[in-house]
Number of protein chains: 2
Amino acid sequence: MADLNKLLTPLFLNEGEIRKIIELLFFSYRDFTEGPDKVLEKINFGRAHHRVIYFVGKQKNLTIKELLSILKITKQSLSRVLNQLVNEKYIILSVGEDKRTKKLILSKKGQELEKRLSEIQIKRIRNVLLKFNEMDINGFKKIMYEMVDEINR
Amino acid sequence: MADLNKLLTPLFLNEGEIRKIIELLFFSYRDFTEGPDKVLEKINFGRAHHRVIYFVGKQKNLTIKELLSILKITKQSLSRVLNQLVNEKYIILSVGEDKRTKKLILSKKGQELEKRLSEIQIKRIRNVLLKFNEMDINGFKKIMYEMVDEINR
DNA sequence: TTATTTAGGTCAGCCATATTGACTTAATTA
DNA sequence: TAATTAAGTCAATATGGCTGACCTAAATAA
(Lines give C-alpha, C1' and ligand atoms only; values in the text may rest on other atoms or scores of the structure.)
Protein backbone atom coordinates (compact mmCIF):
# COMPACT_ATOMS: atom_id res chain seq x y z
CA MET A 1 0.00 0.00 0.00
CA ALA A 2 2.77 2.40 0.93
CA ASP A 3 4.56 1.57 -2.29
CA LEU A 4 1.41 2.01 -4.30
CA ASN A 5 0.86 5.39 -2.70
CA LYS A 6 4.35 6.44 -3.63
CA LEU A 7 3.76 5.42 -7.21
CA LEU A 8 0.53 7.35 -7.41
CA THR A 9 1.66 10.48 -5.61
CA PRO A 10 2.91 13.17 -7.94
CA LEU A 11 6.49 14.13 -7.22
CA PHE A 12 5.60 17.54 -5.85
CA LEU A 13 3.33 15.99 -3.22
CA ASN A 14 5.99 13.64 -1.90
CA GLU A 15 6.68 13.92 1.78
CA GLY A 16 10.23 14.97 1.05
CA GLU A 17 9.11 17.79 -1.19
CA ILE A 18 6.57 18.95 1.36
CA ARG A 19 9.15 18.89 4.11
CA LYS A 20 11.25 21.22 2.02
CA ILE A 21 8.32 23.61 1.99
CA ILE A 22 7.94 23.33 5.76
CA GLU A 23 11.55 24.36 6.12
CA LEU A 24 11.21 27.18 3.63
CA LEU A 25 8.30 28.55 5.62
CA PHE A 26 10.34 28.49 8.81
CA PHE A 27 13.49 30.03 7.36
CA SER A 28 11.76 32.58 5.18
CA TYR A 29 9.60 33.83 8.02
CA ARG A 30 12.62 34.12 10.24
CA ASP A 31 14.62 36.04 7.69
CA PHE A 32 11.61 38.14 6.78
CA THR A 33 11.18 39.46 10.33
CA GLU A 34 14.87 39.96 11.01
CA GLY A 35 15.23 43.38 9.37
CA PRO A 36 12.39 45.16 11.16
CA ASP A 37 13.34 43.43 14.43
CA LYS A 38 16.75 45.08 14.36
CA VAL A 39 15.25 48.54 13.84
CA LEU A 40 12.65 47.98 16.53
CA GLU A 41 15.25 46.85 19.03
CA LYS A 42 16.95 50.24 18.92
CA ILE A 43 13.79 51.97 20.11
CA ASN A 44 12.96 49.27 22.64
CA PHE A 45 10.06 47.88 20.68
CA GLY A 46 9.45 44.37 19.42
CA ARG A 47 7.71 42.53 16.68
CA ALA A 48 4.37 42.98 18.43
CA HIS A 49 4.68 46.74 18.06
CA HIS A 50 5.31 46.37 14.36
CA ARG A 51 2.19 44.31 13.88
CA VAL A 52 0.06 46.89 15.63
CA ILE A 53 1.59 49.74 13.66
CA TYR A 54 1.22 47.80 10.45
CA PHE A 55 -2.48 47.09 10.79
CA VAL A 56 -3.37 50.49 12.21
CA GLY A 57 -1.52 52.03 9.28
CA LYS A 58 -3.38 49.84 6.88
CA GLN A 59 -6.84 50.49 8.20
CA LYS A 60 -7.34 53.93 9.60
CA ASN A 61 -9.81 54.22 12.45
CA LEU A 62 -9.49 50.59 13.34
CA THR A 63 -11.09 49.79 16.70
CA ILE A 64 -9.42 47.83 19.49
CA LYS A 65 -11.80 44.97 18.95
CA GLU A 66 -11.04 44.78 15.25
CA LEU A 67 -7.33 44.88 15.94
CA LEU A 68 -7.65 42.08 18.47
CA SER A 69 -9.51 39.92 15.99
CA ILE A 70 -6.82 40.48 13.35
CA LEU A 71 -3.95 39.74 15.70
CA LYS A 72 -5.78 36.98 17.56
CA ILE A 73 -4.27 37.86 20.91
CA THR A 74 -5.93 38.82 24.19
CA LYS A 75 -6.59 42.41 25.10
CA GLN A 76 -4.25 42.02 28.06
CA SER A 77 -1.46 41.12 25.67
CA LEU A 78 -2.29 43.98 23.37
CA SER A 79 -2.56 46.51 26.16
CA ARG A 80 1.12 46.75 27.05
CA VAL A 81 2.19 47.16 23.47
CA LEU A 82 -0.60 49.55 22.55
CA ASN A 83 -0.13 51.69 25.66
CA GLN A 84 3.53 52.09 24.84
CA LEU A 85 2.70 53.12 21.29
CA VAL A 86 0.13 55.62 22.53
CA ASN A 87 2.34 57.00 25.32
CA GLU A 88 5.20 57.47 22.93
CA LYS A 89 2.85 59.11 20.43
CA TYR A 90 3.07 56.67 17.57
CA ILE A 91 -0.65 56.02 17.73
CA ILE A 92 -3.49 58.41 18.50
CA LEU A 93 -6.73 57.30 20.08
CA SER A 94 -10.08 58.94 19.59
CA VAL A 95 -13.62 58.07 20.60
CA GLY A 96 -15.73 56.33 17.99
CA GLU A 97 -19.32 57.08 16.97
CA ASP A 98 -20.29 54.25 19.23
CA LYS A 99 -18.78 55.91 22.26
CA ARG A 100 -17.70 52.63 23.78
CA THR A 101 -15.26 52.11 20.96
CA LYS A 102 -11.95 53.76 20.23
CA LYS A 103 -10.51 54.56 16.89
CA LEU A 104 -6.81 54.10 16.27
CA ILE A 105 -4.75 56.08 13.81
CA LEU A 106 -1.03 56.52 13.24
CA SER A 107 0.51 59.89 14.11
CA LYS A 108 3.06 61.39 11.77
CA LYS A 109 5.73 59.74 13.93
CA GLY A 110 3.85 56.47 13.67
CA GLN A 111 3.55 56.74 9.92
CA GLU A 112 7.25 57.33 9.64
CA LEU A 113 8.07 54.27 11.70
CA GLU A 114 5.56 52.21 9.79
CA LYS A 115 7.14 53.24 6.53
CA ARG A 116 10.65 52.58 7.74
CA LEU A 117 9.76 49.09 8.92
CA SER A 118 7.57 48.04 6.04
CA GLU A 119 9.99 49.37 3.47
CA ILE A 120 12.54 46.81 4.62
CA GLN A 121 10.09 44.02 3.96
CA ILE A 122 8.71 45.54 0.78
CA LYS A 123 12.17 45.93 -0.71
CA ARG A 124 13.05 42.42 0.28
CA ILE A 125 9.99 40.95 -1.38
CA ARG A 126 10.29 43.19 -4.42
CA ASN A 127 13.87 42.07 -4.93
CA VAL A 128 12.74 38.48 -4.86
CA LEU A 129 9.79 38.98 -7.20
CA LEU A 130 11.93 40.84 -9.71
CA LYS A 131 13.72 37.60 -10.43
CA PHE A 132 10.54 35.87 -11.57
CA ASN A 133 7.92 36.15 -14.24
CA GLU A 134 4.25 36.83 -13.75
CA MET A 135 3.36 33.17 -14.01
CA ASP A 136 5.61 32.17 -11.12
CA ILE A 137 4.38 35.09 -9.06
CA ASN A 138 0.78 34.15 -9.66
CA GLY A 139 1.44 30.62 -8.51
CA PHE A 140 3.17 31.92 -5.44
CA LYS A 141 0.40 34.34 -4.52
CA LYS A 142 -2.41 31.88 -5.12
CA ILE A 143 -0.77 29.20 -3.02
CA MET A 144 0.17 31.57 -0.20
CA TYR A 145 -3.43 32.69 -0.11
CA GLU A 146 -4.65 29.13 0.26
CA MET A 147 -2.16 28.54 3.04
CA VAL A 148 -4.15 30.88 5.28
CA ASP A 149 -7.07 29.38 7.17
CA GLU A 150 -10.32 30.05 5.36
CA ILE A 151 -11.71 31.83 8.41
CA ASN A 152 -8.90 34.38 8.35
CA ARG A 153 -9.05 35.32 4.70
CA MET B 1 9.16 60.82 -10.44
CA ALA B 2 6.80 58.98 -8.18
CA ASP B 3 4.21 58.96 -10.94
CA LEU B 4 6.72 57.77 -13.48
CA ASN B 5 7.75 54.99 -11.13
CA LYS B 6 4.17 53.91 -10.80
CA LEU B 7 3.75 53.83 -14.54
CA LEU B 8 6.85 51.75 -14.97
CA THR B 9 6.29 49.34 -12.10
CA PRO B 10 4.57 46.16 -13.16
CA LEU B 11 1.31 45.62 -11.35
CA PHE B 12 2.63 42.72 -9.29
CA LEU B 13 5.42 44.86 -7.88
CA ASN B 14 3.08 47.60 -6.66
CA GLU B 15 3.36 48.40 -3.00
CA GLY B 16 -0.22 47.32 -2.48
CA GLU B 17 0.40 43.92 -4.00
CA ILE B 18 3.54 43.47 -1.96
CA ARG B 19 1.73 44.42 1.22
CA LYS B 20 -0.74 41.65 0.48
CA ILE B 21 2.20 39.26 0.42
CA ILE B 22 3.49 40.61 3.73
CA GLU B 23 0.13 39.86 5.28
CA LEU B 24 -0.05 36.44 3.69
CA LEU B 25 3.30 35.60 5.21
CA PHE B 26 2.14 36.67 8.65
CA PHE B 27 -1.20 34.89 8.54
CA SER B 28 0.01 31.75 6.83
CA TYR B 29 2.86 31.31 9.28
CA ARG B 30 0.51 31.79 12.19
CA ASP B 31 -2.00 29.27 10.88
CA PHE B 32 0.77 26.90 9.91
CA THR B 33 2.11 26.65 13.45
CA GLU B 34 -1.27 26.51 15.17
CA GLY B 35 -1.90 22.79 14.72
CA PRO B 36 1.37 21.49 16.18
CA ASP B 37 1.22 24.13 18.94
CA LYS B 38 -2.04 22.66 20.21
CA VAL B 39 -0.59 19.16 20.37
CA LEU B 40 2.60 20.37 22.03
CA GLU B 41 0.67 22.28 24.67
CA LYS B 42 -0.89 19.07 25.99
CA ILE B 43 2.54 17.66 26.78
CA ASN B 44 3.87 20.94 28.14
CA PHE B 45 6.12 21.57 25.18
CA GLY B 46 6.26 24.54 22.84
CA ARG B 47 7.18 25.42 19.32
CA ALA B 48 10.87 25.38 20.21
CA HIS B 49 10.63 21.70 21.08
CA HIS B 50 9.06 20.99 17.72
CA ARG B 51 11.91 22.70 15.88
CA VAL B 52 14.49 20.67 17.73
CA ILE B 53 12.63 17.43 17.13
CA TYR B 54 12.11 18.32 13.49
CA PHE B 55 15.74 18.96 12.68
CA VAL B 56 17.07 16.11 14.78
CA GLY B 57 14.61 13.86 12.98
CA LYS B 58 15.74 15.18 9.65
CA GLN B 59 19.45 14.81 10.21
CA LYS B 60 20.40 11.88 12.40
CA ASN B 61 23.50 12.37 14.51
CA LEU B 62 23.31 16.11 14.35
CA THR B 63 25.65 17.79 16.82
CA ILE B 64 24.65 20.53 19.22
CA LYS B 65 26.71 23.03 17.31
CA GLU B 66 25.06 22.15 14.01
CA LEU B 67 21.63 22.39 15.58
CA LEU B 68 22.46 25.81 17.00
CA SER B 69 23.55 27.06 13.62
CA ILE B 70 20.32 25.86 12.01
CA LEU B 71 18.08 27.35 14.66
CA LYS B 72 20.20 30.47 15.10
CA ILE B 73 19.59 30.66 18.84
CA THR B 74 22.05 30.67 21.70
CA LYS B 75 23.10 27.50 23.44
CA GLN B 76 21.55 28.83 26.64
CA SER B 77 18.21 29.04 24.87
CA LEU B 78 18.56 25.61 23.41
CA SER B 79 19.63 24.03 26.67
CA ARG B 80 16.31 24.23 28.49
CA VAL B 81 14.39 22.79 25.57
CA LEU B 82 16.94 20.13 24.74
CA ASN B 83 17.35 19.04 28.35
CA GLN B 84 13.61 18.57 28.61
CA LEU B 85 13.57 16.50 25.45
CA VAL B 86 16.44 14.38 26.69
CA ASN B 87 15.05 13.98 30.21
CA GLU B 88 11.70 12.91 28.84
CA LYS B 89 13.43 10.51 26.46
CA TYR B 90 12.40 12.02 23.14
CA ILE B 91 16.01 12.56 22.18
CA ILE B 92 19.03 10.38 22.89
CA LEU B 93 22.51 11.80 23.23
CA SER B 94 25.70 9.95 22.43
CA VAL B 95 29.31 10.94 22.27
CA GLY B 96 30.66 11.73 18.83
CA GLU B 97 33.88 10.54 17.25
CA ASP B 98 35.32 13.89 18.26
CA LYS B 99 34.63 13.25 21.91
CA ARG B 100 33.89 16.90 22.60
CA THR B 101 30.79 16.67 20.43
CA LYS B 102 27.48 15.01 21.06
CA LYS B 103 25.29 13.33 18.55
CA LEU B 104 21.54 13.73 18.75
CA ILE B 105 19.01 11.18 17.57
CA LEU B 106 15.30 10.72 18.11
CA SER B 107 14.16 7.83 20.27
CA LYS B 108 11.16 5.82 19.18
CA LYS B 109 9.06 8.12 21.35
CA GLY B 110 10.69 11.11 19.69
CA GLN B 111 10.06 9.73 16.23
CA GLU B 112 6.43 9.22 17.06
CA LEU B 113 6.03 12.77 18.26
CA GLU B 114 7.90 14.11 15.26
CA LYS B 115 5.60 12.22 12.97
CA ARG B 116 2.49 13.33 14.77
CA LEU B 117 3.49 17.00 14.61
CA SER B 118 4.86 17.06 11.10
CA GLU B 119 1.94 15.14 9.72
CA ILE B 120 -0.36 18.01 10.66
CA GLN B 121 1.75 20.40 8.62
CA ILE B 122 2.35 17.97 5.78
CA LYS B 123 -1.35 17.29 5.40
CA ARG B 124 -2.09 20.96 5.52
CA ILE B 125 0.38 21.77 2.77
CA ARG B 126 -0.58 18.76 0.70
CA ASN B 127 -4.22 19.81 0.80
CA VAL B 128 -3.25 23.23 -0.46
CA LEU B 129 -0.97 21.96 -3.21
CA LEU B 130 -3.60 19.52 -4.45
CA LYS B 131 -5.65 22.49 -5.62
CA PHE B 132 -2.93 23.68 -7.97
CA ASN B 133 -1.05 22.53 -11.01
CA GLU B 134 2.64 21.87 -11.29
CA MET B 135 3.30 25.29 -12.80
CA ASP B 136 1.82 27.15 -9.86
CA ILE B 137 3.63 24.91 -7.42
CA ASN B 138 6.93 25.50 -9.16
CA GLY B 139 6.46 29.24 -8.95
CA PHE B 140 5.61 28.94 -5.30
CA LYS B 141 8.62 26.80 -4.47
CA LYS B 142 11.08 28.88 -6.43
CA ILE B 143 9.92 32.11 -4.85
CA MET B 144 9.82 30.69 -1.33
CA TYR B 145 13.36 29.52 -1.82
CA GLU B 146 14.50 32.98 -2.83
CA MET B 147 12.77 34.43 0.21
CA VAL B 148 15.35 32.79 2.42
CA ASP B 149 18.60 34.67 2.98
CA GLU B 150 21.30 33.40 0.70
CA ILE B 151 23.51 32.54 3.67
CA ASN B 152 20.89 30.18 5.06
CA ARG B 153 20.13 28.21 1.93
C1' DT C 1 -37.05 51.54 32.18
C1' DT C 2 -34.41 48.15 33.81
C1' DA C 3 -31.43 44.33 32.67
C1' DT C 4 -28.06 42.57 29.76
C1' DT C 5 -24.49 42.79 26.61
C1' DT C 6 -20.57 44.95 24.60
C1' DA C 7 -16.10 47.65 24.28
C1' DG C 8 -12.50 48.76 26.64
C1' DG C 9 -9.32 48.88 30.67
C1' DT C 10 -6.56 47.16 34.54
C1' DC C 11 -4.31 44.32 38.16
C1' DA C 12 -1.93 40.23 39.32
C1' DG C 13 0.44 36.19 38.43
C1' DC C 14 2.23 32.87 35.33
C1' DC C 15 4.81 30.65 31.35
C1' DA C 16 7.74 30.18 27.12
C1' DT C 17 11.31 31.79 24.43
C1' DA C 18 14.81 34.34 23.79
C1' DT C 19 18.95 37.33 25.16
C1' DT C 20 23.84 38.71 27.41
C1' DG C 21 27.67 37.76 30.29
C1' DA C 22 30.63 35.02 33.04
C1' DC C 23 32.63 30.87 33.96
C1' DT C 24 33.81 25.65 33.77
C1' DT C 25 35.29 21.14 31.86
C1' DA C 26 37.14 18.11 28.61
C1' DA C 27 39.03 17.16 24.20
C1' DT C 28 41.37 18.47 20.14
C1' DT C 29 44.71 20.89 17.50
C1' DA C 30 48.49 24.12 16.59
C1' DT D 1 52.45 22.79 26.15
C1' DA D 2 49.19 26.46 24.82
C1' DA D 3 45.24 27.72 22.45
C1' DT D 4 40.97 26.63 20.60
C1' DT D 5 36.66 24.26 20.36
C1' DA D 6 32.26 21.86 21.96
C1' DA D 7 29.38 21.60 25.41
C1' DG D 8 27.33 22.88 29.83
C1' DT D 9 25.79 25.90 33.57
C1' DC D 10 24.40 29.95 36.51
C1' DA D 11 22.24 34.31 36.82
C1' DA D 12 19.76 38.17 35.33
C1' DT D 13 16.74 40.31 31.92
C1' DA D 14 13.30 41.23 28.08
C1' DT D 15 9.41 40.15 25.32
C1' DG D 16 5.17 38.35 24.20
C1' DG D 17 1.97 35.62 25.24
C1' DC D 18 -1.70 33.54 28.65
C1' DT D 19 -5.71 33.11 32.50
C1' DG D 20 -8.70 35.01 35.89
C1' DA D 21 -10.90 38.57 38.24
C1' DC D 22 -12.89 42.76 38.28
C1' DC D 23 -14.35 47.60 36.73
C1' DT D 24 -16.67 51.44 33.97
C1' DA D 25 -19.46 53.32 30.56
C1' DA D 26 -22.36 52.93 26.67
C1' DA D 27 -25.56 50.57 23.79
C1' DT D 28 -29.21 47.47 23.18
C1' DA D 29 -32.91 44.08 24.37
C1' DA D 30 -36.68 42.65 27.28
Side-chain angles (χ1 to χ4, degrees), chain A residues 26 29-31 33-34 36-56 61-88 91-104, chain B residues 26 29-31 33-34 36-56 61-88 91-105 117:
Chain A
F26 169 60
Y29 190 79
R30 189 184 59 184
D31 293 345
T33 49
E34 194 193 345
D37 283 355
K38 277 184 190 161
V39 173
L40 290 157
E41 207 190 346
K42 289 179 207 154
I43 50 174
N44 290 309
F45 283 167
R47 207 174 285 179
H49 299 83
H50 186 192
R51 283 176 199 150
V52 170
I53 283 183
Y54 181 90
F55 288 109
V56 173
N61 289 326
L62 201 65
T63 64
I64 307 271
K65 198 198 171 190
E66 286 163 347
L67 183 54
L68 287 174
S69 87
I70 291 168
L71 299 175
K72 285 218 237 162
I73 56 174
T74 60
K75 63 178 169 179
Q76 295 94 323
S77 294
L78 177 60
S79 94
R80 184 185 51 93
V81 167
L82 185 56
N83 285 333
Q84 285 172 347
L85 289 167
V86 171
N87 288 336
E88 299 183 33
I91 284 180
I92 297 162
L93 295 181
S94 62
V95 178
E97 286 155 55
D98 179 337
K99 286 176 183 168
R100 288 171 305 179
T101 67
K102 286 189 181 164
K103 295 185 296 184
L104 307 172
Chain B
F26 169 59
Y29 191 77
R30 190 183 59 183
D31 293 345
T33 49
E34 194 194 345
D37 283 356
K38 278 184 192 162
V39 173
L40 290 157
E41 208 191 344
K42 288 180 209 154
I43 50 174
N44 290 308
F45 283 168
R47 207 175 285 179
H49 300 82
H50 186 191
R51 283 176 201 149
V52 171
I53 282 183
Y54 182 91
F55 288 109
V56 173
N61 288 328
L62 202 65
T63 65
I64 306 272
K65 199 200 171 191
E66 287 163 344
L67 183 53
L68 287 174
S69 86
I70 291 168
L71 299 175
K72 284 217 238 163
I73 57 173
T74 59
K75 64 178 169 180
Q76 295 92 324
S77 294
L78 177 60
S79 94
R80 181 187 51 94
V81 167
L82 184 56
N83 285 333
Q84 285 172 343
L85 288 168
V86 171
N87 288 336
E88 298 183 33
I91 284 180
I92 297 161
L93 296 179
S94 61
V95 178
E97 286 155 55
D98 177 338
K99 285 177 186 171
R100 289 171 306 177
T101 67
K102 287 190 179 163
K103 296 185 294 183
L104 306 172
I105 53 161
L117 295 171

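Predicted, not measured: the structure shown is a model, and the values here were computed from it. Chain letters run A, B, ... following the sequence lines, proteins first, then strands; residues in each count from 1.
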Pairwise 5' ranking along DNA chain D for A/Arg100 and A/Ala48, keeping only the more 5' one: A/Ala48

Atom-pair distance (CG on A/Asp37; P on D/dA14), nearest Å: 18 Å

A/Leu78 CG - D/dT19 P separation (whole Å): 15 Å

Contact nearer the 5' end of DNA chain D, comparing A/Val81 with B/Leu82: B/Leu82

B/Glu34 atom CD: more than 12 heavy-atom contacts under 6.0 Å: yes

Derivation of the side chain to side chain contact (heavy atoms under 4.5 Å, CB included) call for B/Leu85 and B/Val81: CA-CA 6 Å; B/Leu85 288 168; B/Val81 167; 4.1 Å; yes

Test side chain to side chain contact (heavy atoms under 4.5 Å, CB included) applied to B/Leu62 and B/Ile105, step by step: CA-CA 7 Å; B/Leu62 202 65; B/Ile105 53 161; over 6 Å; no

side-chain N/O A/Ser77 vs D/dG16 OP1/OP2, d < 4.0 Å: no

Sugar-phosphate, base or nothing in reach of B/Lys99, heavy atoms under 4.0 Å: sugar-phosphate

Integer-rounded Å distance: D/dG16 P and B/Arg30 CZ: 16 Å

Nucleotide D/dT15, atom C1' - distance to CD1 of B/Ile73 in whole Å: 16 Å

Parallel, tilted or perpendicular, as decided by the 30° and 60° cut-offs, for the rings of A/Tyr54 and A/His50: perpendicular

Short side-chain N/O contact from B/Ser79 to OP1 or OP2 of D/dT9, under 4.0 Å: no

Candidate nucleotides D/dG17, D/dC10, D/dA7, ranked by approach to the side chain of A/Arg51 - the nearest: D/dG17

Sugar-phosphate, base or nothing in reach of B/Thr101, heavy atoms under 4.0 Å: sugar-phosphate

Contact summary for A/Asn61 and A/Lys103, nearest pair of heavy atoms: OD1-CB, 3.6 Å

Check against side chain to side chain contact (heavy atoms under 4.5 Å, CB included), A/Val52 and A/Leu82: CA-CA 7 Å; A/Val52 170; A/Leu82 185 56; 4.2 Å; yes

Enclosure of B/Lys99 NZ (heavy-atom neighbours >12, cutoff 6.0 Å): no

Touch class at under 4.0 angstrom, heavy-atom based, for A/Lys102 against every strand present: sugar-phosphate

Nucleotide D/dA11, atom P - distance to CD of B/Gln76 in whole Å: 14 Å

Interatomic distance where CZ belongs to A/Phe45 and P belongs to D/dT15 [whole Å]: 10 Å

Note, A/Leu78 side chain near A/Leu71 side chain (heavy atom, < 4.5 Å): yes

Proximity to DNA chain C (any heavy atom under 4.0 Å), residues of residues 61-72 of chain A only: A/Thr63, A/Ile64, A/Lys65

Touch class at under 4.0 angstrom, heavy-atom based, for B/Asn83 against every strand present: sugar-phosphate

Spacing of A/Lys42 atom NZ relative to D/dT15 atom P, expressed in whole Å: 16 Å

Verdict with supporting geometry, A/Arg47 and A/Thr33, side chain to side chain contact (heavy atoms under 4.5 Å, CB included): CA-CA 8 Å; A/Arg47 207 174 285 179; A/Thr33 49; 3.3 Å; yes

Sugar-phosphate, base or nothing in reach of A/Gln84, heavy atoms under 4.0 Å: nothing

Touch class at under 4.0 angstrom, heavy-atom based, for A/Arg47 against every strand present: sugar-phosphate

Segment of DNA chain C, first to last nucleotide, that comes within the 4.0 Å heavy-atom reach of chain B: C/dA16 to C/dT28

Residue-phosphate contact under 4.0 Å: A/His49 side-chain N/O, D/dT15 OP1/OP2: no

Separation of atom CD in B/Glu41 from atom P in D/dC18, rounded to whole Å: 11 Å

A/Phe26 six-ring centre to A/Arg30 NZ/CZ under 6.0 Å and within 45° of normal: yes

